[in-house]
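Numbered from 1 within each chain, the chains take letters A, B, ... in sequence-line order. Just the heavy atoms: all of them, side chains too, but no hydrogens, waters or symmetry mates, feed the values below. In this text the structure is predicted, and so the values were computed from the model without any measurement.
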Amino acid sequence: MPELEVRNLTKRYGKTVAVDDLSFAVEAGRVTGFLGPNGAGKTTTMRALLGLLRPSRGEALVEGRPPVAMQAPLETIGAALEATAFHPGRSGRNHLRCLAAAAKIPRSRVEEVLELVELSGAAKRRVKGYSLGMRQRLALAAALLGDPRILILDEPANGLDPQGMRWLRDLLRAQAAEGRTVLVSSHVLSEVDQTADELVVIRNGKLVSHTTLAEFTSSGVVPSRVRAADPERLATALTARGASVEPDDGALLVSGLGGKEIGELALAEQIALHELSPQRSSLEQRFLEVMDEKDEPA
Amino acid sequence: MNLLASEWIKLFSTRTTWVMVGLGLLCEGLFAGLLTGLASFGDIGNIDEVITGLGLLMTLMLVLGVLIITTEFRHGTASSTFLVAPRRWPVLIAKLGAGLLIGILAGLLFVLVNGGLALSIYSGRGGILPPTSELVEIYAGVVVSFALLAAFGLGIGAIVRNQVGAIIAAIAVFFVISGLPELLPGTIGEYFPAQAVGSLHGRVEGDGTLTQVGGGLVLAAWSLGLVAIGTVLTVRRDLSE
């Protein structure tokens, strides 16, 4: 049984369709990145999984059951939805105490999570005076309060400094390694690249792809970078074989032919190769490609 | 019980509650002291005048009740609050409990300030106090009305959600339409919230028939009815922010 699942989830706001017949499942023990352009329906999907929204159609399930049926909710799911959802006049510590009291979590745990997110020093201060990064840490502290089996984080890297991002990455990896479930949305693709094992990509409320990170980034056309003694003649030969060739700072960027074919062609043409390296398409590049592909109507 | 504890921490971990209750009591002290201390004795007259400043405190209780729920929507804390209690209605029950408790607390503090200051100055100037039993009845009515007004505000707040809108709605429903009963035939007017508070405070005007307890029950019906509607809406509505 998947820890988190949406089945044919549809959410309409009046005439606007925020999520459109979306289905996917998230398993434990790995970090699942949740990607999509602004307005793709990521936040709506997350809110449906938390029981904050009522689906127009379909369902959202947590450990196989509707989220409103959760027993001990904070020990099941920890969520950080936005870094601004605090009463500005309440201190960070008191914000956590309100939640802890409601869930019957001991006060000592409040101090523990404050320590964990390195906010102990500022805990007495009112949230009004917090930076975006500090609010983000407080939101994470609230998510971790119940030591939950599942984490749902919406853009947690927003506003974090480089050390904070690294800390967050380590935290998420550690949580997944302990067998917990982590669903994290982000538009900082370089972060996702270093953190996620799996990717769920949506667009206009529909599923675009759900694969492992490695599959996602290598599933596109992987070009090769080629340096040769006679680049012009090689380019002509490659083009004749159907490859597309682009000059790239003295080298050639060749797509449409694999490394093997390029090497053999160069040998046949008796052109010495100085470099032949496959270019792993970056997550960002691949992401933008996928978004462009989907722009065209099928 | 846990949720009630949480709501209690929420109430007292921001300055709003302290400022509102504190300011209300300070004004009450000033009203009571100035009126009974400085007004010409003939003008004070009966005990109703001595128990002064209720209007301000009642308005504050109404607003405080509204704030108990609308701040959660205004600052987006509703999401985390309802994550702890996904069925949501227990949160509203806890908020109702917190509203009633803060109303009772404010009511008792009012009695302390008003009784301690106004009554002692009044009797010091030779005023004749009504029998203790009557005083107890009046003050009990005040305490109950404060609690029920906070609940009234909570109900409106849960229905309206928008903070400013809810405050305006609560004050409008309570005070503005209280002029309406004069236009209505019979005793229907007594069942309006402001008139019910009047009965509850033991101030029946004209040919009113509602007893003090009756007034309390009518106001309770209003308050709990509004909270019930607000609870149903809160359970059903989406939390999109």
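- A pairwise comparison of heavy atoms in B/L83 and A/P73 identifies O-CB, 3.1 Å as the closest pair.
- Identified under the salt bridge (Lys or Arg N to Asp or Glu O under 4.0 Å) test for residues 56-74 of chain B, with sequence neighbours left out: B/K10-B/E72, B/E72-B/K95.
- Rounded to the nearest 0.5 angstrom, A/R90 CZ and B/T16 OG1 are separated by 8.5 Å.
- Across all non-hydrogen atoms, the minimal contact from B/R88 to A/L52 is NH2-O, 3.1 Å.
- By number of non-hydrogen pairs under 4.5 angstrom with chain B, the leading residue of A/T76, A/L53, A/L81 is A/L53.
- Heavy atoms from other residues, nucleotides or ligands lying under 6.0 Å from CD of A/E115 number 12 at most.
- Other residues, nucleotides and ligands contribute over 12 non-hydrogen atoms within 6.0 Å of the CG atom of A/D161.
- With a 4.5 angstrom heavy-atom cutoff, B/T71 touches chain A only via side-chain atoms.
- Ranked by heavy-atom pairs under 4.5 Å with chain B, the first of A/V68, A/T44, A/T43 is A/V68.
- Of the listed residues (B/E7, B/H75, B/R15, B/R87), the greatest number of heavy-atom pairs within a distance under 4.5 Å of chain A belongs to B/H75.
- For A/M1, the CE atom counts as densely surrounded, since its 6.0 Å shell holds more than 12 non-hydrogen atoms of other residues, nucleotides or ligands.
- Shown here is A/R107, whose CZ atom has no more than 12 heavy atoms of other residues, nucleotides or ligands within 6.0 Å.
- When each of A/P88, A/G51, A/A103 is scored by its heavy-atom pairs under 4.5 Å with chain B, the top score falls to A/P88.
- A distance of 11.5 Å separates NZ in A/K104 from CG in B/L3, rounded to the nearest 0.5 Å.
- Of the two parts of A/A72, neither the backbone nor the side chain holds a non-hydrogen atom closer than 4.5 Å to a non-hydrogen atom of chain B.
- Most heavy-atom pairs under 4.5 Å with chain A, from the set B/S80, B/A5, B/P90: that is B/S80.
- For a heavy-atom cut-off of 4.5 Å, chain B lies close to A/N94, A/H95, A/R97, A/C98, A/L99, A/A101 in residues 94-101 of chain A.
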